[in-house]
Novice: 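One structure, pasted below without further comment.
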Amino acid sequence: MSQLETPLFDALLKHRNRHPIQFHIPGHKKGQGVDPAFREFVGDNVLSIDLINIAPLDDLHSPKGAIKEAQELAAKAFGADHTFFSVQGTSGAIMTMILSVVGPNDKILVPRNVHKSIMSAIVFAGAIPIFIHPEVDPELGISHGISAEAVEKALNEYPDAKAVLVINPTYFGVAADLKRIVDIAHEREIPVLVDEAHGVHIHFHKSLPISAMEAGADMAATSVHKLGGSMTQSSVLNVREGLVSAKRVQSTLSMLTTTSTSYPILASLDTARRQLAIHGFDLIDHAIRLAQDARKRINKIPHLHCVGKEILNSSATYDMDPTKLLISVKNLGITGHQAEEWLRENANIEIELSDLYNILCLVTLGDSRKELNLLINALQRMSVAFESDAAIIEPVVLLPDIPRLAMTPRDAFYATTEVISIEEAVGRISAEFIMVYPPGIPIFIPGEIITQENIEYIDMNIKAGLPVQGPEDDTLKMLRVIKEQQAIR
Ligand SMILES: Cc1ncc(COP(=O)(O)O)c(C=O)c1O
């Protein structure tokens with residue numbers, strides 16, 4: 001089959017054009033039972049392919065027809081041995097990836113600043129996380145990925161680890177020397193799993209960081225919906241055979257996936273793959289040019305700084321994706337959050353994210369010069385609006401000690417718990433996640449022993465005005481801990 005073909009989308013169109021009389025779910029039956037205002041708005045086309053896994057349309061749980069062909073074309077496009085479609089985002093693909101290689105009490109190396117789906121999978125698996133500190137950029141107040149040296153050191157210390165998980169590239173578009181990390185792990189026959197949520201496009205342009213599959217990683221969970229032009233919730237799990245079994249991945253994915261898979265979402269993956277394979281280079285090339293031009297123009301605006309390759313100086317910060325416009329606003333005397341609100345209220349612009357010191361704007365294959373001009377114009381106006389507050393601000397980025405794990409996060413999750421005041425919590429075992437965002441590094445995860453130093457660290461962060469997140473009690477006076485059993489007399 002050629003990359004020009006879209007077997008799943010074609011099967012849906014062919015089926016719809018036969019106008020079969022439906023006596024199966026979804027009960028809205030080609031839109032006829034949908035609320036009229038919603039039907040009018042979304043249109044009959046999408047509702048007519050909102051179908052279910054009847055024989056002509058194959059089944060994501062055991063693909064043998066159109067879905068199998070669509071996945072095979074995707075595997076070719078991504079340079080993988082197998083590609084699995086996910087209708088549960090990269091979160092679903094990440095959980096599949098982890099649960100297919102680690103089980104109870106298995107060790108897995110992970111960066112401390114992982115997405116919550118990774119910790120969820122570790123809880124489900126009953127695995128033991130071995131945390132690696134990400135590199136932190138003190139100028140920008142953000143965390144990057146992990147270095148090859150840190151992976152090597154961790155693997156020397158934990159040679160029995162069953163997998164290494166890497167976030168690559170990061171949300172901010174910074175990539176580690178992934179090839180070196182993969183080589184280090186593979187020398188020990190340990191599989192490398194990549195959270196590639198922010199990197200679907202990198203495989204399709206030679207001037208972007210190398211993709212997980214190019215670097216020889218064993219699995220990569222990749223959000224096609226974020227930057228690859230498909231619908232929200234659609235992701236792929238790319239697999240290289242050898243250290244992992246594709247059969248095990250398929251059965252794990254099936255265990256975690258709804259039996260009512262959305263065909264519009266699956267079809268959008270099939271068609272996004274075609275677009276990336278055929279036109280990806282040109283579309284991404286255009287986005288890179290727009291972003292590079294915008295970066296230069298933003299760097300001429302007083303008090304703003306748009307980050308570029310000058311921040312690359314280690315194996316954790318080895319390459320970067322220039323389509324991410326990470327703009328530091330700290331010298332304008334405002335927080336990233338204030339900038340986000342200003343742009344919303346004064347320029348009708350919605351950005352990807354903000355933190356204490358920065359905003360992040362994404363330039364994708366969906367952009368044109370017009371949107372970038374509007375962004376730059378708004379940033380110029382924002383710079384003038386806050387001109388009188390401008391000052392040099394030194395970001396406060398502190399790294400907490402990683403506490404000792406007393407029990408697996410899973411045992412902590414299922415244990416009997418109680419809520420006590422933070423002052424009484426020293427020496428007890430945390431039952432919840434607490435983190436400072438940014439840089440998004442957990443201070444405690446379930447199962448870790450609470451220390452005086454880390455309580456002081458929380459306090460210091462609150463006093464510095466940093467957003468401490470996670471505990472049920474958002475005043476941070478109370479913490480949920482594992483209940484201690486009293487001896488029975
Ligand atoms: C680093 C990282 N990994 C994984 C995910 C999960 O991706 P999804 O939203 O497709 O489930 C995200 C989402 O923002 C993310 O930032």
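Side chains are part of it too, since the values below use all heavy atoms of this structure and drop only hydrogens, waters and symmetry mates. Atoms within a ligand are numbered from 1 in the order they appear, just like the ligands themselves. Only a predicted model underlies this, so the values are computations on that prediction, with no experimental measurement involved.
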Novice: Looking only at non-hydrogen atoms, find the nearest pair between H82 and A246 and report the distance.
Specialist: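 It is CD2-CB, 3.5 Å.
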Novice: What part of T90 sits under 4.0 Å from ligand 1 if we count only heavy atoms: the side chain, the backbone, both or neither?
Specialist: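 Both parts.
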Novice: May I ask you to list the atoms of ligand 1 that are less than 4.0 angstrom from any heavy atom of H225?
Specialist: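 Answer for ligand 1: 8 (P), 10 (O).
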Novice: Just need the protein heavy atom nearest to atom 13 (C) of ligand 1, so name the residue and atom and give the distance.
Specialist: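 Here the nearest protein heavy atom works out to K226 NZ, 3.0 Å.
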Novice: With no hydrogens and no angle check, do the side chains of T90 and S235 hold a donor and an acceptor under 3.5 Å apart?
Specialist: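 Yes - a donor-acceptor pair under 3.5 Å links their side chains.
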Novice: Any nitrogen or oxygen of S117 lying under 3.5 Å from a nitrogen or oxygen in ligand 1? Just yes or no.
Specialist: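 Between S117 and ligand 1 (N or O atoms, distance only) the closest approach is not under 3.5 Å.
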Novice: Please work out which of N168, V114, N113, D195 has its closest non-hydrogen atom nearest to atom 3 (N) of ligand 1.
Specialist: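 Selected option, by shortest heavy-atom distance: D195.
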Novice: Would you please say whether a donor-acceptor pair under 3.5 Å links the side chains of S91 and Q88?
Specialist: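 No donor-acceptor contact under 3.5 Å links the two side chains.
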Novice: Decide whether H305 and S328 meet the rule of one side-chain donor and one side-chain acceptor closer than 3.5 Å.
Specialist: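 Looking only at side-chain atoms, S328 and H305 do not form any donor-acceptor pair under 3.5 Å.
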Novice: Quick one: nearest non-hydrogen protein atom to atom 12 (C) of ligand 1, plus distance?
Specialist: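 Of the protein heavy atoms, H115 CD2, 3.3 Å lies nearest.
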Novice: Give the single entry among K116, H198, Q88 that approaches atom 16 (O) of ligand 1 most closely by any heavy atom.
Specialist: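 It is H198 whose heavy atom sits nearest to atom 16 (O) of ligand 1.
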Novice: If you measure only the distance, is there a donor-acceptor pair under 3.5 Å linking the side chains of Q233 and S262?
Specialist: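 S262 and Q233 do not have a side-chain donor-acceptor pair below 3.5 Å.
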Novice: Side chain, backbone, both or neither: which part of Q233 comes within less than 4.0 Å of ligand 1 when only heavy atoms are counted?
Specialist: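 Neither; nothing of Q233 gets under 4.0 Å from ligand 1.
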Novice: I want to know if ligand 1 touches S91 in the polar sense, i.e. an N/O pair below 3.5 angstrom.
Specialist: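 Indeed, backbone or side chain, S91 has an N or O that close.
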Novice: Give me the one residue out of I351, I349, L326 that meets side chain to side chain contact (heavy atoms under 4.5 Å, CB included) with C361.
Specialist: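 Among I351, I349, L326, the one meeting side chain to side chain contact (heavy atoms under 4.5 Å, CB included) with C361 is I351.
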Novice: Under 4.0 Å from any heavy atom of G89, which atoms of ligand 1 are there?
Specialist: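 In order of numbering, the contacting atoms are 10 (O), 11 (O).
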Novice: I need the I94 CD1 to D195 CG distance, nearest 0.5 Å.
Specialist: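 The CD1 atom of I94 sits 3.5 Å away from the CG atom of D195.
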Novice: Tell me which part of T170 gets within contact of ligand 1: side chain, backbone, both or neither, using heavy atoms under 4.0 Å.
Specialist: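 It is neither; nothing of T170 touches ligand 1.
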Novice: Is it true that F413 and F124 have ring centroids separated by less than 6.0 Å?
Specialist: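 No; F124 has its ring centre 6.0 Å or more from that of F413.
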